[in-house]
**Student:** 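What follows is a single structure, and I will ask about it in a moment.
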2 protein chains.
Amino acid sequence: MVTSPPSEPAEPHRHNGLVDALVQCAFVTMAVLTKAGADNDLSLTQMRVLAILRDRRVRMTALADHLGLEKSTMTGLVDRAEKRGLLQRAPSAEDGRAVEVFLSPDGATLAERLYAHVGQALSPTTSTLVPIDQRRLQALLERMLEANTS
Amino acid sequence: MVTSPPSEPAEPHRHNGLVDALVQCAFVTMAVLTKAGADNDLSLTQMRVLAILRDRRVRMTALADHLGLEKSTMTGLVDRAEKRGLLQRAPSAEDGRAVEVFLSPDGATLAERLYAHVGQALSPTTSTLVPIDQRRLQALLERMLEANTS
DNA sequence: TATTGTTATACTCTATAACTATA
DNA sequence: TATAGTTATAGAGTATAACAATA
């Protein structure tokens with residue numbers, strides 16, 4: 001198909017260049033995140049848990065909602081991270097049924113290290129743009145995401 | 001920590017706004033892709049397999065390399081997709097050890113449907129930008145990614 | 001009765017190691 | 001001997017359903 005006739009375009013399904021660029025960018029970014037996590041024996045989901053708990057103490061259900069996962073899935077994720085000493089569980093003071101989750105000191109340290117690691121790992125990519133274009137890209141992305149968040 | 005004193009910024013670790021924007025954008029995009037896949041009972045990885053095979057017939061090892069996975073992982077992925085009738089295996093004509101993988105008609109149809117589905121699912125996000133800014137964003141992303149690919 | 005979380009179960013995804021067949 | 005692929009095995013991530021404890 002590499003030598004397809006001129007009547008058939010080389011990439012017949014490229015309906016929307018921006019969508020393709022976003023998807024490709026997402027895969028590149030995710031690959032960097034995944035690698036950064038793997039270097040610390042963390043899955044993407046475990047990294048997200050650490051990121052969420054960096055400045056919060058939340059209940060199991062809230063954590064599951066944040067991540068779009070089932071409560072039962074959270075039990076396993078938190079079990080494994082707790083066993084590794086990255087986070088802790090404690091009963092809620094307000095609701096006897098609820099359990100609150102928060103980072104341990106080790107978990108907090110790892111979360112900081114990971115954040116710095118990811119920034120460094122992405123810098124070869126971001127720094128291919130000159131600073132002005134970096135700011136333009138950031139502004140466009142933020143505008144696009146902000147409209148979708150609110 | 002929500003009511004932290006003014007001496008401590010609300011987001012103490014925001015070293016690089018572009019990195020944060022890229023990561024957030026990647027998660028939003030991946031969520032859309034994952035949802036589009038789940039609607040068709042496909043994992044992200046299975047979707048990537050379909051995307052790769054859309055215009056190619058490749059060997060197991062090449063597929064594993066494309067995805068950054070082990071050969072043995074590919075065996076399982078291809079087994080399940082083949083069992084669902086989405087793709088097929090055939091021995092290589094040139095190398096008796098090699099196996100080539102390619103989309104079945106059903107797989108090709110699904111790949112097209114998925115591609116359109118993803119475009120539609122992302123359009124609420126992309127269309128928050130006016131067309132000129134969409135083109136600017138696309139150009140910036142492509143420039144950034146191209147420098148990293150080549 | 002409804003909600004919070006866990007347990008039991010099952011399936012997919014992933015890797016490592018050992019194996020078969022071909023080169 | 002090296003390479004292509006599969007099998008066996010193990011562990012993580014995920015969901016559904018059933019359950020216990022609390023509200």
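Lettering follows sequence order; numbering is per chain, from 1. Only a predicted model underlies this, so the values are computations on that prediction, with no experimental measurement involved.
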**Student:** Figure out the CE/P separation between B/M74 and C/dT16, and round it to whole Å.
**Tutor:** 16 Å
**Student:** Given D/dA15, C/dT4, D/dA12, which nucleotide is nearest the side-chain atoms of A/A98?
**Tutor:** C/dT4
**Student:** What's the CG-P distance between A/D41 and C/dA15, to the nearest Å?
**Tutor:** 13 Å
**Student:** Rounded to the nearest angstrom, tell me the gap between atom CG in A/L67 and atom P in D/dA12.
**Tutor:** 18 Å
**Student:** Between A/S43 and D/dA12, is there a side-chain N or O to OP1/OP2 distance below 4.0 Å?
**Tutor:** no
**Student:** Describe the nucleic acid contact of A/S72 in one word from base, sugar-phosphate, nothing, applying a heavy-atom distance below 4.0 Å.
**Tutor:** base
**Student:** Looking at B/T45, I'd like to know whether one of its side-chain N or O atoms comes within less than 4.0 Å of OP1 or OP2 on C/dT14.
**Tutor:** yes
**Student:** Using a 4.0 Å heavy-atom cut-off, does A/G96 contact any base of the nucleic acid, only the sugar-phosphate backbone, or nothing at all?
**Tutor:** sugar-phosphate
**Student:** Does B/R59 have a side-chain nitrogen or oxygen under 4.0 Å from the phosphate oxygens OP1 or OP2 of D/dA4?
**Tutor:** no
**Student:** State yes or no: do A/L18 and B/M30 share one hydrophobic cluster built from I, L, V, M, F, W and Y residues joined by side-chain heavy-atom distances below 4.5 Å, directly or via other members?
**Tutor:** no
**Student:** Just compare C/dT14, D/dA23, D/dA15 and give me whichever is closest to any side-chain atom of A/D95.
**Tutor:** D/dA23
**Student:** Ignoring hydrogens and angles, answer whether the base of D/dT7 and the side-chain atoms of B/T75 contain a donor-acceptor pair closer than 3.5 Å.
**Tutor:** no
**Student:** Quick check against the 3.5 Å criterion: does A/S104 have a side-chain atom that pairs as donor or acceptor with the backbone of A/L86?
**Tutor:** yes
**Student:** Nearest whole angstrom, please: distance from the C1' of D/dT9 to the CD of B/E70.
**Tutor:** 15 Å
**Student:** Just compare D/dG13, C/dC13, C/dG5 and give me whichever is closest to any side-chain atom of A/T61.
**Tutor:** C/dG5
**Student:** Tell me whether the OP1 or OP2 atom of D/dT6 has a side-chain N or O from B/R89 closer than 4.0 Å.
**Tutor:** yes
**Student:** Verify the cluster assignment for A/L140 and B/V28: are they in a single hydrophobic cluster under the rule of side-chain heavy atoms below 4.5 Å apart?
**Tutor:** no
**Student:** Rounding to an integer number of Å, can you tell me how far A/L63 CG sits from D/dT14 P?
**Tutor:** 12 Å
**Student:** Using heavy atoms to find the nearest nucleotide of DNA chain C for B/G76 and B/E94 separately, return the residue whose nucleotide is more 5′.
**Tutor:** B/G76
**Student:** Give a yes or no answer on whether the side chain of A/Q134 reaches the backbone of A/L129 with a donor-acceptor pair at less than 3.5 Å.
**Tutor:** yes
**Student:** Looking for any heavy atom pair under 4.0 Å, which part of the strands does A/T73 touch: base, sugar-phosphate only, or nothing?
**Tutor:** base
**Student:** Roughly how many Å is it from CE in A/M60 to P in D/dA20, rounded to a whole number?
**Tutor:** 19 Å
**Student:** Assess whether salt bridge (Lys or Arg N to Asp or Glu O under 4.0 Å) is satisfied between B/D79 and B/K83, documenting all intermediate values.
**Tutor:** CA-CA 6 Å; B/D79 278 353; B/K83 205 165 296 177; over 6 Å; no
**Student:** Looking at A/R97, does any N or O in its side chain come under 4.0 Å of the phosphate oxygens OP1/OP2 on C/dA2?
**Tutor:** no
**Student:** Take B/V99 and A/R80, find for each the nucleotide of DNA chain D with the closest heavy atom, and name the residue whose nucleotide sits nearer the 5' end.
**Tutor:** B/V99
**Student:** Between C/dT14, D/dG13, D/dT14, spot the one nearest the side chain of A/L69, thanks.
**Tutor:** D/dT14
**Student:** Please give, in whole Å, the distance from D/dT14 P to A/K71 NZ?
**Tutor:** 17 Å
**Student:** How close or far is atom C1' of C/dT14 from atom CG of B/L77, stated in whole angstroms?
**Tutor:** 9 Å
**Student:** Using a strict 4.0 Å threshold on nitrogen-to-oxygen distance, state whether B/D41 and B/R84 make a salt bridge.
**Tutor:** no
